[in-house]
Engineer: 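Have a look at this one.
Small disclaimer: the values here were computed from a predicted structure and weren't measured. All ligand and atom numbering here is 1-based and tracks the order in the structure.
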Amino acid sequence: MRCTALAGAAPAALAEALVARGVDSVRAEALAAGGAQVTVLLEPLGEVLQLALVRAASAAGVDCHTGEGWAVLAGTRARLGGLARPSGGAGVPESLSDALGRFLAGGQERPSAWRTARRLLPLTAPCVVGILNVTPDSFSDGGSHFLPEDAVRAALGMREAGAGVLDVGGESTRPGASSPDAAEELRRVIPVVERLVRDVGLPVGVDTRRSAVARRALAAGAEIVNDVSGLTHDPAMAPLVAESGAGVVVMHMRGTPATMDAEARYDDVAADVAAELAQRRDRALAAGIAREAIVLDPGLGFAKRVEHNLALINRLETIVALGHPVMVGPSRKRFLGAVTGREVGERDAATAAACVAARLRGAQLFRVHDVARTGEALAVAEAVLGS
Ligand code: HH2
């Protein structure tokens, strides 16, 4: 079964292609003029598959037209992504959902760069984002980079190991964590950002939900805002990102770090997370943030059970299909402990494996503690993919 993109063709050419496949001309013209984000032809297709597809497409709000041995689907990337999931959920047979998923993830050009406040960061190779938590209580590295000198030393090691970005956070967002006040978060983060910008030379991001912290960090030379609330926590955050031209990571979470575990309920985690992220992305665009500044992140470990995290990596194409670079942050998280039986300090091999799996599903940025190990694993993945 093949998937062929029909979108992108001029409406007249698209209508002609559909008429050539037996669609009547009125329907063909309506479909071609519909301006769907994605129009895809699936063929050859037996009757049983066709029937299953028609039912699933109608439930998912995707236009579906069928003829002798073929079907055309037209809709938004997010809705089509909802059909690209394992059998069961939407009733789409696996051979079909797999082909559609591969088409959505691979058939499109992945973004080749990320616009930050200070540069266009190339994404033609995987970008490893080194985590620097300047918190006393982060779940895996709490306390270890608390002083600016220690953070600089760790960051230089990350640069040497191939990090492309540094991500500085002053608030632990582990499940159940309590939040420091803004003054305390500023006290932790700003001196470290200043020193990293001066002494390390890599793009610096600030991991915060507060616009006051982001504003000061950007003034100190940071160029990316990584907001685990997906710009929902602080109403001043989206306008700040828009006006500063900062790059932004819009992450998926439900509730707050204190309450999120109770909200880990999904019908189909990949489709639900993609739909919720698409809404947050649309709000970011409406606030004036440039499309090329936005990176999306499924938020592994945030309002997700073990099986949700694994399924999100496996079905990452539903998020990749939204058309932005995708970041994943599996580093040392509980779901990796559940799979391997390893304690938090022994999960770097598992982290590297999760990053490779995500890379194969289309992720482009990898937020990790152990930059060297993940970088090495990703280099092998690249070599295999490029062979
Ligand atoms: N995970 C954490 C924090 N920030 N940002 C993005 N974009 N994606 C993530 O998955 C992500 C994130 C949590 O991990 P960590 O920073 O290691 O721990 P803590 O929140 O306890 O400081």
Engineer: Looking at Arg367 and Asp207, does any basic side-chain N land under 4.0 Å from a carboxylate oxygen?
Structural biologist: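 Salt bridge flag = yes for Asp207 with Arg367.
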Engineer: The test is salt bridge (Lys or Arg N to Asp or Glu O under 4.0 Å); show your working for Arg315 and Glu317 and say whether it passes.
Structural biologist: CA-CA 5 Å; Arg315 311 302 303 174; Glu317 56 261 28; 3.7 Å; yes
Engineer: Which of the numbered atoms in ligand 1 are below 4.0 angstrom from a heavy atom of Val228?
Structural biologist: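 Every atom of ligand 1 under 4.0 Å from some heavy atom of Val228: 4 (N), 5 (N), 12 (C).
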Engineer: Pick, from Ser172, Gly205, Pro330, the option with the minimum heavy-atom distance to atom 21 (O) of ligand 1.
Structural biologist: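 Considering heavy atoms of Ser172, Gly205, Pro330, the nearest to atom 21 (O) of ligand 1 sits in Ser172.
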Engineer: Could you check Arg332, Arg342, Arg373 and say which one makes a side-chain hydrogen bond (donor to acceptor under 3.5 Å, both in side chains) with Asp348?
Structural biologist: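 Of the listed options, the one satisfying the test is Arg332.
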Engineer: Need the ligand 1 atom indices (1-based, order shown) with element for anything under 4.0 Å from a heavy-atom of Asp297.
Structural biologist: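 So the atoms of ligand 1 that pass are 6 (C), 7 (N), 8 (N), 9 (C).
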Engineer: Quick one, His252 with Phe302, criterion ring-ring contact (aromatic ring centres under 6.0 Å, His included). Give me CA distance, side-chain angles, the key distance, then yes/no.
Structural biologist: CA-CA 7 Å; His252 178 272; Phe302 288 83; 9.5 Å; no
Engineer: May I ask you to list the atoms of ligand 1 that are less than 4.0 angstrom from any heavy atom of Val249?
Structural biologist: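 Result: 7 (N).
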Engineer: Do Ile319 and Met253 belong together in a cluster built from hydrophobic side chains that touch within less than 4.5 Å?
Structural biologist: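 Different clusters.
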Engineer: Give the atom numbers and elements of ligand 1 that come within less than 4.0 Å of a heavy atom of Gly329.
Structural biologist: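 Matching atoms, with element in brackets: 10 (O).
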Engineer: Return the closest protein heavy atom for atom 22 (O) of ligand 1 as residue, atom name and distance.
Structural biologist: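 Of every protein heavy atom, Ser138 OG, 2.5 Å lies nearest to atom 22 (O) of ligand 1.
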Engineer: Which one of Lys333, Glu171, Met327 has a non-hydrogen atom at the shortest distance from atom 9 (C) of ligand 1?
Structural biologist: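 Nearest option to atom 9 (C) of ligand 1, by heavy atoms: Lys333.
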Engineer: Using distance alone, with no hydrogens and no angle criterion, decide if Ser179 and Glu171 have a side-chain donor and acceptor under 3.5 Å apart.
Structural biologist: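 Indeed, the side chains of Ser179 and Glu171 share at least one donor-acceptor pair under 3.5 Å.
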Engineer: Do any nitrogen or oxygen atoms of Thr173 lie less than 3.5 angstrom from nitrogen or oxygen atoms of ligand 1?
Structural biologist: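 In this structure, Thr173 places an N or O atom under 3.5 Å from an N or O of ligand 1.
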Engineer: Just by distance, with hydrogens left out, do Asn133 and Thr135 show a side-chain donor and acceptor under 3.5 Å apart?
Structural biologist: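 The criterion, which ignores hydrogens and geometry beyond distance, is not satisfied for Thr135 and Asn133.
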Engineer: At under 4.0 Å between heavy atoms, which part of Arg367 makes contact with ligand 1: side chain, backbone, both or neither?
Structural biologist: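 The answer is the side chain.
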Engineer: Has Arg209 got a side-chain atom pairing as donor or acceptor with Thr232's backbone, closer than 3.5 angstrom?
Structural biologist: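 Pair absent, no side-chain N/O of Arg209 close to backbone of Thr232.
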Engineer: So, Ser331 side chain and His369 main chain: donor-acceptor pair closer than 3.5 Å or not?
Structural biologist: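 Yes.
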Engineer: Considering non-hydrogen atoms of the protein only, which is the closest contact for atom 4 (N) of ligand 1, and what is the distance?
Structural biologist: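 The answer is Asp207 OD2, 2.9 Å.
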Engineer: One residue to check: Val328. Relative to ligand 1, which of side chain, backbone, both or neither has a non-hydrogen atom less than 4.0 Å away?
Structural biologist: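 It is neither part, as no heavy atom is under 4.0 Å.
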Engineer: In terms of atom number and element, which parts of ligand 1 are under 4.0 angstrom from non-hydrogen atoms of His369?
Structural biologist: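 Matching atoms, with element in brackets: 17 (O).
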Engineer: Is the closest heavy atom of Asn226 to ligand 1 under 4.0 Å?
Structural biologist: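 Flag set, Asn226 near ligand 1.
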Engineer: With heavy atoms under 4.0 Å as the rule, classify the contact between Asn133 and ligand 1 as side chain, backbone, both or neither.
Structural biologist: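 It is the side chain that gets close, since no backbone atom is under 4.0 Å.
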